[in-house]
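Single-structure report; data block below.
Convention: sequence-line order gives letters A, B, ...; per-chain numbering from 1. The model shown is predicted, which means the values in this text are computed figures rather than measured ones.
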Amino acid sequence: MKLKSLMNDFIQNYLDENAIKFEDWNISMNSQDGFGDYSSNVALKLTKQLKQSPISIAESIVNHSNPFSDTFTLSASHPGFVNFHIADNHYHQMVNKINEEKENFGKKKKLNKSANVEFVSCNPTGPLTVGHGRQAILGDMVSNILTWNGYDVSREYYYNDAGKQMRVLAESCYAKYAQQIGLKVPTPENGYVGNYLDDIALKIIDKYGKNLKSDNKIFRDFTEKEIFSNIKNTLDSIGIKFDIFTKEGSFYENGAIDNVLKELKDKELSYEKDGAVWFKTSSLGKEEDKVLVKSSGEPTYRLPDIAYHADKVDRGFDLIVDIFGADHIDTYPDVILGLKCLDKKTDHIKVVIHQFVTIKKSGEIVKMSTRKANFVTLDELNDQLSSDIIRYFFIMRGANSHLDFDLDLAKDESEKNPVYYLQYANARISNLLKRYDKEITEKVKINLSLLKEKDEIALAKLLSEFPNKMEEVLKVLEPRKLATYLEEVAAAYHKFYGNHKVIDPQNLDLSMARKKLCEATKTILMNGLSILGISAPERM
RNA sequence: GCCCCGGUAGCUCAGCUGGAUAGAGCAACGGAUUUCUAAUCCGUAGGUCACAGGUUCAAAUCCUGUCCGGGGUACCA
């Protein structure tokens with residue numbers, strides 16, 4: 001039944017019968033018509049091996065007997081393509097299949113494989129910014145993509161509540177506290193200055209009074225708790241929940257970090273110099289060695305990260321995905337290298353890197369600096385925009401491209417806003433289906449072979465591609481690709497809708513066939529949108 | 001200096017595991033509205049795919065170099 005495998009079988013048959021050994025061909029969908037639905041480059045690729053012109057090879061293939069003539073016919077075209085013309089009947093069957101399988105169409109059965117997706121992983125030193133937002137949305141959608149493809153997915157948030165940054169945070173919070181009660185305590189150098197700390201300081205005064213000393217644990221613990229609960233609320237409001245929160249501190253407590261150090265030392269992959277412990281990365285193909293433990297005795301981020309990843313590998317996941325910002329581009333290879341040194345498996349670790357986000361407001365780019373509290377928080381976006389819009393805008397660009405978040409466009413509730421294009425297609429269908437049931441009450445047998453118009457076949461063809469598309473999306477872990485596909489589906493539907501009347505009491509059979517096509521379209525849109533975590537309203 | 005990402009229509013970007021005439025949205029212009037929801041559709045116009053070499057039957061796509069933009073390059077995370 002799978003179209004691609006039939007086409008591949010056809011070519012394979014030809015090769016086998018002519019005793020040709022060859023594997024390196026592909027079959028791709030044609031977006032423009034004129035050359036059939038799919039084409040293969042097999043003849044072009046065989047030119048050298050067979051020492052014949054590509055077009056004559058293509059003609060020979062095309063004239064070979066075709067056991068799948070119910071599904072496709074063939075043609076050859078210059079300079080040597082083998083074209084597959086798919087029978088409408090195939091697409092009719094696909095529409096039928098979509099309608100039978102509904103929300104399971106294109107969905108993979110459980111693989112019995114586990115996947116772990118780590119994302120956000122931001123230390124509780126301040127509110128989430130739009131930069132984290134991109135990562136949060138990306139990670140959530142990647143998780144959904146894996147679930148859809150049969151993985152058991154756990155979403156993990158890794159953070160450090162014990163490091164230097166947290167100490168600075170506590171000092172900054174004390175400074176705010178002291179300032180609130182009239183003491184002249186300066187904000188620490190490189191400290192945090194955001195307004196959110198004022199709120200927290202006030203809460204501390206409320207709850208614990210004005211007599212706390214600067215070294216009171218409350219400043220650290222209370223602040224962390226407050227900020228972390230805000231982070232969770234923010235994530236919650238855009239529909240993101242984590243299964244596991246892992247603290248960096250636990251790897252100190254359970255000795256994992258000491259073990260890493262010991263093992264590297266035993267393998268002579270680390271050494272001491274200037275009071276610090278160095279990772280001998282230069283002997284592993286890197287340009288220079290990296291510090292694992294500072295001369296102060298504190299580890300760099302590298303060491304716990306290695307221990308943490310070793311732990312993830314040991315937990316036995318079949319797939320480990322790390323979603324990182326562009327600032328990790330240079331650093332994650334060190335972690336992978338560390339794992340290899342510990343003889344850990346690493347080829348099942350996939351790293352998704354995304355570029356940074358800027359906010360565009362009134363046509364101008366808002367420059368952001370985290371420490372100076374000159375940033376746009378995710379909450380601010382949340383206050384102004386629906387989670388659908390936020391989700392959609394964060395994947396409007398591929399992860400590897402810089403993202404200008406156009407606030408004015410996002411707020412625009414007109415047709416200029418591309419997110420509505422998808423939702424509108426679904427709303428149109430919903431309304432039409434309701435209307436159909438009101439206007440046509442006669443029972444009619446379903447006969448999809450009445451779908452012959454170009455717009456109908458083009459739409460059905462696109463819908464049939466959904467499972468292939470999801471496989472592609474799985475390979476690259478790139479939600480944008482799915483969004484692009486859904487835009488194509490919506491466009492094909494709007495076009496069909498504009499050119500053809502679905503409800504026609506004069507032609508009940510055709511009405512029914514078209515209704516079925518609409519239902520299939522709705523299924524695809526809803527399946528796709530659910531993976532993106534975007535709602536599919538019935539009315540707009 | 002080194003590393004990563006980007007440079008495609010006036011603007012924002014798809015396309016990039018090489019394939020046949022490079023796509024979409026916005027903006028511009030012209031049409032469709034007694035509508036199955038016009039948040040839509042149809043049409044016109046708009047391109048040396050940054051530049052230069054190379055590989056190939058075939059390059060926006062791969063390789064090398066150059067230019068421009070963004071980011072990274074800590075005993076910060």
Side-chain angles (χ1 to χ4, degrees), chain A residues 26 28 30-32 34-35 39-41 43-45 47-48 53-54 77-81 83 121-123 125 159-160 163-165 168 190 248 273-278 287-288 290-302 304-305 325-331 333 353-356 358 360 363 371 396-402 404 406 409 412-425 427-436 438-440 472 475-476 480-481 483-484 487-488 490-491 493-504 511 514-515 518 539-540:
Chain A
N26 67 37
S28 60
N30 293 325
S31 45
Q32 287 164 322
F35 299 107
S39 295
S40 175
N41 60 357
L44 292 156
K45 289 269 189 184
T47 318
K48 266 198 183 145
S53 76
S77 63
H78 277 280
F81 288 101
N83 305 316
S121 289
C122 154
N123 291 345
T125 55
Y159 68 102
N160 184 11
K164 181 181 161 197
Q165 295 306 318
V168 175
N190 282 326
E248 183 180 317
K273 191 182 90 183
D274 306 330
V277 179
W278 295 73
E287 280 196 9
E288 49 196 13
K290 302 283 173 69
V291 170
L292 289 170
V293 184
K294 301 180 226 172
S295 51
S296 67
E298 281 183 319
T300 61
Y301 76 93
R302 224 168 260 120
D305 248 32
D327 52 342
H328 278 70
I329 280 176
D330 259 12
T331 60
I353 297 276
H354 67 89
Q355 299 295 319
F356 288 119
T358 42
K360 204 164 149 193
R371 197 172 292 281
M396 266 173 63
R397 306 288 167 255
N400 252 337
S401 296
H402 294 268
D404 276 347
D406 189 331
L409 180 59
D412 190 341
E413 295 196 359
S414 77
E415 73 283 354
K416 284 181 198 166
N417 195 326
V419 74
Y420 297 122
Y421 191 76
L422 296 181
Q423 295 184 319
Y424 184 57
R428 259 186 158 175
I429 297 172
S430 305
N431 189 61
L432 188 142
L433 293 177
K434 265 183 221 152
R435 193 129 184 171
Y436 186 101
K438 259 191 227 161
E439 295 184 18
I440 297 184
E472 251 178 71
K475 262 183 221 156
V476 292
R480 168 91 287 257
K481 241 188 159 64
T484 304
E487 283 164 18
E488 286 170 9
Y493 183 77
H494 286 309
K495 191 180 169 110
F496 156 73
Y497 182 94
N499 290 337
H500 305 285
K501 195 104 173 148
V502 174
I503 300 172
D504 178 4
S511 298
R514 285 185 171 160
K515 179 193 175 200
C518 292
R539 303 182 65 87
M540 286 175 70

* To do: Measure from the ring center of A/Y421 to the ring center of A/Y424 and say whether it is less than 6.0 Å.
  => no
* Asked: Which part of the nucleic acid does A/P304 contact within heavy-atom distance under 4.0 Å: base, sugar-phosphate only, or nothing?
  -> nothing
With 3.5 Å as the limit, what N/O pairs link the protein to nucleotides 1-6 of chain B?
residue: B/rC5; atom: O2'; partner: A/N400; partner atom: O; Å: 2.4

* When you get a sec, tell me which of B/rU37, B/rA77, B/rU21 is the closest nucleotide to the side chain of A/F35? => B/rU21
* Asked: Has the side chain of A/N41 got a donor or acceptor atom sitting under 3.5 Å from an opposite partner on the base of B/rG19?
  -> yes
* May I ask you to test the A/P304-A/E248 pair for a side-chain heavy-atom distance under 4.5 Å? => yes
* **Residue A/K495, side-chain atoms from C-beta onward, closest of B/rC42, B/rA20, B/rA77** => B/rC42
* Stepwise side chain to side chain donor-acceptor pair (under 3.5 Å) check, A/N83 with A/S39 -> CA-CA 4 Å; A/N83 305 316; A/S39 295; 2.8 Å; yes
* Ignoring backbone atoms, test whether A/K48 places a side-chain nitrogen or oxygen under 4.0 Å from the OP1 or OP2 oxygen of B/rC57. => yes
* **Beyond-backbone contact of A/K294 with A/T300, side-chain heavy atoms, under 4.5 angstrom** => yes
* Structure fact -> Stems field, RNA chain B, Watson-Crick or wobble, 3.5 Å, at least 3 pairs, by first number, holds B:1-7 with B:67-73, B:10-13 with B:23-26, B:28-32 with B:40-44, B:50-54 with B:62-66
* Qualifying residues under salt bridge (Lys or Arg N to Asp or Glu O under 4.0 Å), relative to A/R302, sequence neighbours excluded -> A/D334
* To do: Looking at every strand, decide which applies to A/S77 at a 4.0 Å heavy-atom threshold: base, sugar-phosphate, or nothing.
  => base
* Asked: When you measure from the side chain of A/S511 to the backbone N and O of A/I503, does any donor-acceptor pair fall under 3.5 Å?
  -> no
* Does A/K481 place a side-chain N or O at less than 4.0 Å from the phosphate oxygens OP1/OP2 of B/rC16? -> yes
* In whole Å, what separates the P atom of B/rA32 from that of B/rA24? -> 23 Å
* Name the closest nucleotide to the A/Y424 side chain, picking from B/rA77, B/rU37, B/rC13. => B/rU37
* Asked: For A/R539, which contact category applies under a 4.0 Å heavy-atom criterion: base, sugar-phosphate, or nothing?
  -> base
* Examine distances only and state if a side-chain atom of A/T47 and a backbone atom of A/S53 form a donor-acceptor pair shorter than 3.5 Å. => no
* **Presence of donor-acceptor pair under 3.5 Å, side chain of A/T300 and base of B/rA77** => no
* Asked: With respect to the phosphate group of B/rC76, does any side-chain polar atom (N or O) of A/K294 fall under 4.0 Å of OP1 or OP2?
  -> yes
* At under 4.0 Å between heavy atoms, what does A/G275 touch on the DNA or RNA strands: base, sugar-phosphate, or nothing? -> nothing
* Who passes salt bridge (Lys or Arg N to Asp or Glu O under 4.0 Å) against A/E487, sequence neighbours left out? -> A/R480
* To do: Could you please name the option among B/rA77, B/rG19, B/rC75 that lies closest to any side-chain atom of A/F81?
  => B/rG19
* To do: Give A/D504 one of three labels, base, sugar-phosphate or nothing, depending on what nucleic acid heavy atoms sit under 4.0 Å from its own.
  => nothing
* **Phosphate contact (B/rU37 OP1 or OP2) by A/R435 side-chain N/O below 4.0 Å** => yes
* Asked: Hey, is the main chain of A/N160 close enough, under 3.5 Å, to the side chain of A/N123 for a donor-acceptor pair?
  -> yes
* Answer yes or no: is there a side-chain heavy-atom contact under 4.5 Å between A/M540 and A/R428? => no
* Residues two or more places apart in sequence or in another chain: which of them pass side chain to side chain donor-acceptor pair (under 3.5 Å) with A/E298? -> A/R167
* To do: Would you mind classifying the nucleic acid contact of A/H354 as base, sugar-phosphate or nothing, using non-hydrogen atoms under 4.0 angstrom?
  => nothing
* Does A/N41 use its side chain to pair, donor to acceptor, with the backbone of A/L44 at less than 3.5 Å? -> no
* **Under-4.0 Å side-chain N/O to phosphate OP1/OP2 contact, A/K475 with B/rU17** => no
* Asked: Any side-chain N or O of A/Y301 under 4.0 Å from OP1/OP2 of B/rA77?
  -> no
* Using only side-chain N and O atoms of A/R397, determine if any of them is under 4.0 Å from OP1 or OP2 of B/rC13. => yes
Identify all pairs in which a protein N or O lies below 3.5 Å from an N or O of nucleotides 22-31 of chain B, and state each distance.
residue: B/rG23; atom: OP1; partner: A/Q32; partner atom: NE2; Å: 2.7

* For A/S53, report the nucleic acid contact type (base, sugar-phosphate, nothing); a contact means any heavy atom under 4.0 Å. => nothing
* Can you check whether A/L292's main-chain N or O pairs, donor with acceptor, with A/W278's side chain at less than 3.5 Å? -> no
